[in-house]
Participant: 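First the structure, which I've put down as structure tokens, then a few questions once you've had a look.
Residue numbers start from 1 in every chain, and the chains themselves are labelled A, B, ... in the order their sequence lines are given, proteins ahead of strands.
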2 protein chains.
Amino acid sequence: MAVTLKDIARACEVDVATASRSLNGAYGVRAETRQRILDAARRLQYRPNRIARGLVTGRSRTLAMVVGDIRNPFYAELARGVEDAAYRAGYELVLCNCDLSSDRQMHYIHSLLEKRVDGILLSAVARLNSAEQLELSRSDAPIVLLNRPPGGARGYSTVLADNYRGGWLAGETLAGLGHRKILLLAGPRDNGNLAARETGFLKALQARSGGAAPLILRAQHNSEGARHALAEYLHARAQRRRLPAAPPRGAFTALFAVNDAMAIGATRAIFEAGLNVPLDISVIGFDDIEFSGMLRPPLTTIHQPKYEMGRAAVEILLRHVGKPAGWMPEHRTMEVRLVMRESCRALRA
Amino acid sequence: MAVTLKDIARACEVDVATASRSLNGAYGVRAETRQRILDAARRLQYRPNRIARGLVTGRSRTLAMVVGDIRNPFYAELARGVEDAAYRAGYELVLCNCDLSSDRQMHYIHSLLEKRVDGILLSAVARLNSAEQLELSRSDAPIVLLNRPPGGARGYSTVLADNYRGGWLAGETLAGLGHRKILLLAGPRDNGNLAARETGFLKALQARSGGAAPLILRAQHNSEGARHALAEYLHARAQRRRLPAAPPRGAFTALFAVNDAMAIGATRAIFEAGLNVPLDISVIGFDDIEFSGMLRPPLTTIHQPKYEMGRAAVEILLRHVGKPAGWMPEHRTMEVRLVMRESCRALRA
DNA sequence: CTGAAAGCGCTAACAA
DNA sequence: TTGTTAGCGCTTTCAG
């Protein structure tokens, strides 16, 4: 059995209250007594039972983060930022993967609330129906939406990258390099972040004098989805022109993929079609996952400050602990920036 | 204030004990009464306070995993396996990143024990001094070492990939392809897993008739470390032979990096030196992180079943919950296998 | 089948 | 400065 406060109180011939005070607040107790208790605690290897403490204080010193899949390097980087910030503040982090399952997401949220976590970071993309939304809103623990557009769920704090501006930057970059025939490799329409990037990109092209509307190809927002979709597209084009052997050139000279995973898949498809990046096609992505810099060619992309986003979300969350639900939601938009690497080249005019 | 068992007991005009029984064990209570209570619970949105329950049962239904850095895709995959298994068993997972800091590692372990987690998975590589080892051994919660050789810490259950055999496989593969001049890109000597791979590799080459001892280059076990070390080596060779422009060929025709991150860094260094993989140098790695298959060329590597390792570790851990400390440690060695992709080629004899 | 009562280990008024 | 007294919300004997 573990040694309890009572044990150390008995050993020192004081009351548990005195022992508790010595170990915690520390003031309102004679220095000598306090020392005696501290010594006994160390000697007996006393480990306070935080769960008992939690029961009375109502706080667990635990935060939770719900993500889609921690194997996604984007989430991993977010999570690391979250965890470091939590650690510094003296909190632990419980991690929940729920993929796209809103069932699993709700299951977690229930468990977390039952465990009285002090706050929840919601990064997963699983949609919630209105019953679930309602349930969330009654949550005692503060919730911040991290990289998850509110989507009907008003009233929560949010931390988001400036996706629109990132898309714009991508458009500017490609157009500035002289590209006119451009492919937009877009994701599912119902993803708010991806949609914002798309919009920003389109606007940037429109704003450019003579900016023609790009081709739009929609795919799953992962490598395989992008690779598959683009491969099919390139193949179909070759067929149509009866160029079974020769790869199609000239349909577009640049491509924007709304995230790096898609950019990676697209790059593969391009090489597999016998074309070259950036000689035949320039590629620009979005996210700047660590891996992007290690590709051949290193990927030009829009960087979002994932680690800092995690940190910022924890700061907001902690500011809301103990506050009434729905207390002054904060909205933080994080800056993005272009990272020029080698997958884009300028077109000679 | 949250609704408690007492509230629902009052609403149903029964005792809290009856309410508790109805909500849990469910037997020993009249069906009609039980139903009434269940209904009330739903109606009042009752959420049991698990921390109160934990105080009496002594279980928290929480597991913890201590890793180096979740951004490392290897850990992420392990973690996902762990989390899925925990989820299925009705547990939550707290995730702790401690890099190489044994301070942070110990800090976590203390917190976790104070929070009465039901078990701890140790994957981090931070070394523990003997005082820390002693402390660990007195832990009430079971501990399993996941991908972490016991290194003096006997008595714990372990889950490890068959690193030795993986190294052997790599050696066999290269030798079987006809390579004779081989470079071993090794990691720090004090890493047990990496050292086992190294040993296996060396043995395989020795076992081959005419297998010459490979060159050994030691580097940090990450991409940049490997890239740097290999670049320097290639450069120095070029200098020595007064071939500033022409890249050095022929010193070795194949290379084994003891993990994929290193293989990736090495591949970069090779291309940056103007050489080609696999034409000039074949490369084989270890781990089979997801990314390996998306490289150009896709990396040949030794696959370890990371996800399954995570799952296996949880199974063992759960088997030990509630058992006395040091109870029948289990040791599980997971099989590895060769994944042949395009970074290795056969040498014509 | 159900109620009463004790207690998990700790904190926090309130007294002394 | 210290001890006493109540709980926190739940489970779990033990009676009834």
Participant: Return the value, rounded to whole Å, for the distance between atom CG of B/Asp15 and atom C1' of C/dA5.
Facilitator: 9 Å

Participant: Kindly point out which of C/dT11, D/dT2, C/dG3 is positioned nearest to the side chain of A/Thr18?
Facilitator: D/dT2

Participant: Could I get the full list of salt bridge (charged side-chain N to carboxylate O under 4.0 Å, His left out) partners for B/Glu315, not counting sequence neighbours?
Facilitator: B/Arg311

Participant: Is there any side chain to side chain donor-acceptor pair (under 3.5 Å) pair reaching into residues 122-134 of chain A, and which pairs are they, with sequence neighbours excluded?
Facilitator: none

Participant: If I take atom CD1 in residue B/Ile8 and atom P in nucleotide D/dG9, what distance separates them, rounded to the nearest angstrom?
Facilitator: 15 Å

Participant: Whole-Å distance between C/dA4 P and B/Lys6 NZ?
Facilitator: 14 Å

Participant: Rounding to a whole Å, what distance do you find between A/Leu5:CG and C/dT11:P?
Facilitator: 6 Å

Participant: Distance check needed: C/dA12 C1' versus A/Arg21 CZ, whole Å only.
Facilitator: 9 Å

Participant: To the nearest angstrom, how far is B/Arg59 atom CZ from D/dT11 atom C1'?
Facilitator: 14 Å

Participant: Look at the side chain of B/Asp7 and the backbone N and O of B/Thr4, then say whether any donor-acceptor pair between them is shorter than 3.5 Å.
Facilitator: yes

Participant: Which of residues 37-56 of chain A have a heavy atom under 4.0 Å from DNA chain D?
Facilitator: A/Leu55, A/Val56

Participant: Please list residues of residues 108-117 of chain B whose heavy atoms come under 4.0 Å from any atom in DNA chain D, ordered by number; otherwise none.
Facilitator: none

Participant: Could you check whether any side-chain N or O of A/Asp118 sits under 3.5 Å from a backbone N or O of A/Val321, counting only pairs where one atom can act as donor and the other as acceptor?
Facilitator: no

Participant: With respect to A/Leu122, which candidate in A/Thr158, A/Ile109, A/Val144 satisfies the side-chain contact (heavy atoms from CB on, under 4.5 Å) definition?
Facilitator: A/Ile109

Participant: Taking only distance into account, with no hydrogens and no angle test, what donor-acceptor pairs under 3.5 Å do side-chain atoms of residues 87-97 of chain A form with protein atoms, sequence neighbours excluded?
Facilitator:
residue, atom, partner, partner atom, Å
A/Glu92, OE1, B/Lys115, NZ, 2.7
A/Asn97, OD1, A/Ile70, N, 2.8
A/Asn97, ND2, B/Glu83, OE1, 3.1

Participant: How many Å lie between CD on A/Gln35 and P on D/dT2, as a whole number?
Facilitator: 13 Å

Participant: Heavy atoms from C-beta onward define the side chain here; which of C/dT2, D/dT11, C/dA12 lies closest to that of B/Asn24?
Facilitator: D/dT11

Participant: Axis-to-axis angle across the helix from C/dC1-D/dG16 to C/dA16-D/dT1, five pairs an end, to 10 degrees?
Facilitator: 40°

Participant: Counting just side-chain N and O atoms, does A/Ser20 come under 4.0 Å of either OP1 or OP2 of C/dC10?
Facilitator: no

Participant: Is the phosphate of C/dT2 approached by B/Thr33 (side-chain N or O, under 4.0 Å from OP1 or OP2)?
Facilitator: yes

Participant: What integer distance in Å separates B/Asp140:CG from C/dG9:C1'?
Facilitator: 14 Å

Participant: Near A/Glu114 CD, under 6.0 Å, is it more than 12 heavy atoms from other residues, nucleotides or ligands?
Facilitator: yes

Participant: Any donor and acceptor pair, going by atom type alone, linking the side chain of A/Asn193 with main-chain N or O of A/Asn147 inside 3.5 Å?
Facilitator: yes

Participant: When you measure from the side chain of A/Ser20 to the backbone N and O of A/Val16, does any donor-acceptor pair fall under 3.5 Å?
Facilitator: no

Participant: Donor-acceptor pair, A/Arg50 side chain versus B/Arg116 backbone, under 3.5 Å?
Facilitator: no

Participant: Is there a donor-acceptor pair closer than 3.5 Å between any side-chain N or O of B/Arg332 and the backbone N or O of B/Ser157?
Facilitator: no

Participant: Under a 3.5 Å distance rule, please check whether B/Asp99 uses its side chain to pair with a backbone N or O of B/Ser101 as donor and acceptor.
Facilitator: no

